[in-house]
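Order of appearance sets the numbers: ligands from 1, and atoms from 1 within every ligand. Since we're looking at a predicted model, the values are computed, not measured.
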Amino acid sequence: MLAWPQRFKFEAHTIKSEAPEMKAVRFHEYGDPDVLRHEDVDEPVPGAGQVRVRVAATTFNGVDGNIRAGFMQGPMPVTLPHILGVDVAGTIDALGEGVSGLAVGDEVIGFLPFTVDGAAAEYVLAPAESLAPAPTSIPLSDAAALPVVGLTAWQALFEHAELKPGHRILISGAGGAVGGYAVQLAKAAGAHVIATASPRSSGHVTAAGADEVIDHTTTEVTTTVTEPVDVLLNLAPIDPARFTALAALVRDGGVVVSTTVWMPAPADEGRGVRAIDLFVRSDAAQLSELVARVDRGELTVDVADRVPLAELASVHARAAAGILPGKVVILATSV
Ligand SMILES: NC(=O)c1ccc[n+]([C@@H]2O[C@H](COP(=O)([O-])OP(=O)(O)OC[C@H]3O[C@@H](n4cnc5c(N)ncnc54)[C@H](OP(=O)(O)O)[C@@H]3O)[C@@H](O)[C@H]2O)c1
């Protein structure tokens, strides 16, 4: 008979090996993209109000790089090791206590909380109330490209800017992932859309429905826009002086909305110009509306690249080098 310390070790080992495991990408310390490890992790078990989702895909969002690097320890504290991935598309695989209105086998999408383990894994836990039915008209994995950036565009335009038919909106940085949705949604709302985009993304922005596209790399935006706009939406990493110059294009009583929250959006109280720093939040009802538009053919989901989970570190490296081409979907399985 083993003495108790050895017996304890043996039993602990036996119990651990029986726990189902999954593949996930985690980081155990903050740092460069090479801190990301593709490794075996215990499958999560859903608690009250949660479901477990078999992940089809997550995506890369810019904030993932900042969390990994340790820059977000104040606003978004995580416990290490941590699994990234706040977008999810997948199939419900288990229900926690008290969950109603969802069933095993449902295909869903969602925007998950930042501070708990995310969807860069084969399975993830999701608050049941954060999920919306997945679109049926596009592949499930591509639908991961919708939640965070689609909700950001929706909340910028309709919650914060209160965009109305006939409004003129200038979208700075329209060539990116949020911009693609913002241009489509603003156009569908009956606005006149002026978009800034470099040559690499001008075709994309035109296809999204922009009325005017200004190449910010060759053209001075402040002199090209000759009539005031009701709304300035900034999505681009411009400097504060440029942001203030663009905000001068907003009419008296208009609004500036910004997703680049590391610098405050410039208000002009003298002219009644409001400024809003947007922090996107999860909202299943808004997400369901976006999904309905996708399935009616009114909203296009753009996926720039699809990359296996095991290669997530290379996506972070491309983002850090500034060469990521738009929304990149991370596939949890190779099938
Ligand atoms: N606060 C929040 O809750 C929240 C939520 C989502 C996203 N964000 C942030 O919002 C920003 C936009 O997100 P995203 O996913 O759309 O990013 P993204 O895909 O990287 O797009 C940003 C776009 O900015 C453009 N750009 C770069 N330098 C520019 C310049 N000097 N002038 C004008 N345009 C320039 C680029 O356009 P070209 O293609 O034309 O070069 C790029 O496509 C990111 O900083 C992201 O982190 C914040």
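- Of the candidates His204, Arg200, Arg281, Lys327, Arg200 brings a heavy atom nearest to atom 42 (C) of ligand 1.
- Near Ala197, with a cut-off below 4.0 Å to any heavy atom, the atoms of ligand 1 are 40 (O).
- Distances below 4.0 Å separate heavy atoms of Ser201 from the following atoms of ligand 1: 38 (P), 39 (O), 40 (O).
- A salt bridge does not link Glu212 to Lys187: none of the charged side-chain nitrogens sits closer than 4.0 Å to a carboxylate oxygen.
- Only the side chain of Ile238 comes within 4.0 Å of ligand 1, counting heavy atoms alone; its backbone N, CA, C and O stay farther away.
- Nearest protein neighbour of atom 40 (O) of ligand 1, counting heavy atoms only, is Ser198 N, 2.6 Å.
- The backbone N or O of Ala56 sits nowhere less than 3.5 Å from a side-chain atom of Ser141 that would complete a donor-acceptor pair.
- The presence of a protein heavy atom under 4.0 Å from atom 15 (O) of ligand 1 is confirmed.
- In this structure, a donor-acceptor pair under 3.5 Å is absent between the side chains of Glu227 and His192.
- Contacts between Phe60 and ligand 1, counted as non-hydrogen atom pairs separated by less than 4.0 Å, are absent for every part of the residue.
- In this structure, Tyr30 and Phe27 have tilted ring planes: the angle between them lies in the 30° to 60° band.
- By the criterion of a heavy-atom distance under 4.0 Å, the side chain of Thr152, and not its backbone, is placed next to ligand 1.
- Atom 38 (P) of ligand 1 is flagged as protein-proximal [any protein heavy atom, distance under 4.0 Å].
- Counting only heavy atoms, the protein gets under 4.0 Å from atom 5 (C) of ligand 1.
- Remark: ligand 1 and Thr196 share no N or O pair separated by less than 3.5 Å (distance only, no angle test).
- When the options Leu278, Thr260, Val280, Asn61 are ranked by their closest heavy atom to atom 1 (N) of ligand 1, first place goes to Leu278.
- Of all protein heavy atoms, the one lying nearest to atom 22 (C) of ligand 1 is Leu235 O, 3.8 Å.
- Which parts of ligand 1 touch Pro237 is read off a 4.0 Å heavy-atom cut-off, strictly below it: atoms 24 (O), 26 (N), 27 (C), 28 (N).
- No side-chain donor-acceptor contact under 3.5 Å links Asp93 and Thr91.
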